[in-house]
Amino acid sequence: MIKFVLMVNRQGQTRLSRYYQAVELSRRAQLEADVVRCCLGRRKEQCSFVEYQDFRLVSRQYAALYIVVGVTHSENELAVYELVHNFVEVLDKYFSRVVSSIMFNLDRVHIILDEMIQNGHVVETNKSRILAPLTALDKMADS
Amino acid sequence: MSASDENEEIAIPCVLITSCDNGFKEEELIKQILGSLPEPTKREDSVIWYPWTINNKYYTADVRLCVVPSTFQMSSEIAQSTQAFIAYFDSTAKDGLEKLHPWISVVQDLSPEVLILVCERVCENGVSRHDAQQWCLAHAFELVELNPQELPDEDDDFPESTGVKRIIQALNANVWSSVKMKDEHNQGFGLMSSLVASRHNNPHPHNCHDPPVSAKFYAMTDLDIQELANLTAGDADVDNFERLFTKLKEMKDKASSMPHEQRKVHAEKVAKAFWMAIGGDDDEIDGLSSGEES
């Protein structure tokens, strides 16, 4: 299963975190700092999967943004790697190509992520269906 | 300078810019960020403030680009207003990064949101990419090369920005204390209230026997469609679900009093709206239109 999803900028600051397994608040900062050090220090040509403690990290870089997913060994890391890309494509579709939008629309990013992953498992990958509730909300807000 | 002027200056956040390379003037970087070097707003010994108004899709913010040649010129005024820190170092010298050492404790004290380490280009014989990156990781900086050797991959769908462009981007992605959000992007905050409001008002009359020819009719269809969307987007409870079907029935009844052609158009609209409301794919209904544009 998926343990957590992190979005981190190039400075290593966490922009978004979502945990699917209870981690104490006090331990999250430490975990995130550690995970960031693990992933940001890697070169592009190095593998995107990193063994970390008793689980595995799947990381992908998009311009100035890193997305890191912590998964158990029972999860298919290639599938998660593609899931990350799908997530970014959904963001891209919704925000129409503005990466910095994420900063100022964190609520929307959370809605999107929650449409895709529930309880540590992938529940939806169809882009239109992921965005349908959000589109409906936006229509309401506009009117 | 009067006390109030001084307070005003403190209120404006600043980007502290320093260079640890004698051959590189901080002004050079400011020139690249702003396009040209503006008149300084203030000058105190070797510390100089330049004005900058950041204006993007989301906000405008007045900030100062503040040149501080070394830690000795730091004052409490600068310390209090610093929200971003940019340091240039000489990557061709082996000890390039060591010259930054005095700044580390200052930065740790101030903990600005944005921390950027700048050089012309990492250098194998001086400070290598690996060294610079490790330094950045240890101190939570971002490395930006003004003139990187490897240009971003053209084929990449999400190319990295580099150089000054990246510095500007990073500064734009910060929430400054002087930030003024633009109105049209505040909608997120009103989302809940508008949801609640539309759930509580049902302004359309139930029997409509006027000939349905006017814009008024389409406005009403839109209202109905909106309620459909509302019913499916909200919490999925039994009441909502029942209401959804009552609503569909209502809309069908309304349509039955229309002339044949309009009835078809109306039915199409309702079907599309229902499809969208239950989360169907746009592509499936794209191009199915009978040509009527609303």
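Residue numbers start from 1 in every chain, and the chains themselves are labelled A, B, ... in the order their sequence lines are given, proteins ahead of strands.
- Only the side chain of B:Leu137 has a heavy atom closer than 4.5 Å to any heavy atom of chain A.
- Within the 4.5 angstrom heavy-atom criterion, only side-chain atoms of A:Arg15, from C-beta onward, approach chain B.
- Note: B:Asn174 CG to A:Asn9 CG = 10.0 Å, rounded to the nearest 0.5 Å.
- In this structure, the separation between CZ on A:Arg37 and CD on B:Gln134 is 10.0 Å, given to the nearest 0.5 Å.
- Annotation: B:His101, atom NE2; neighbour count of heavy atoms from other residues, nucleotides and ligands within 6.0 Å does not exceed 12.
- Of the listed residues (B:Glu142, B:Arg166, B:Arg129), the greatest number of heavy-atom pairs within a distance under 4.5 Å of chain A belongs to B:Glu142.
- In this structure, A:Phe104 and B:Tyr58 have parallel ring planes: the angle between them is below the 30° cut-off, well short of the 60° mark.
- Here the closest non-hydrogen pair linking A:Ala63 and B:Glu160 is O-CG, 3.5 Å.
- More than 12 non-hydrogen atoms from other residues, nucleotides or ligands lie less than 6.0 angstrom from CG of B:Asn147.
- Residue with the most contacts toward chain B among A:Gln61, A:Gln13, A:Arg10: A:Arg10 (heavy-atom pairs, distance under 4.5 Å).
- For B:Leu143, the part lying under 4.5 angstrom from a heavy atom of chain A is the backbone only.
- Atom CD of A:Glu51 is surrounded by more than 12 heavy atoms from other residues, nucleotides or ligands within 6.0 Å.
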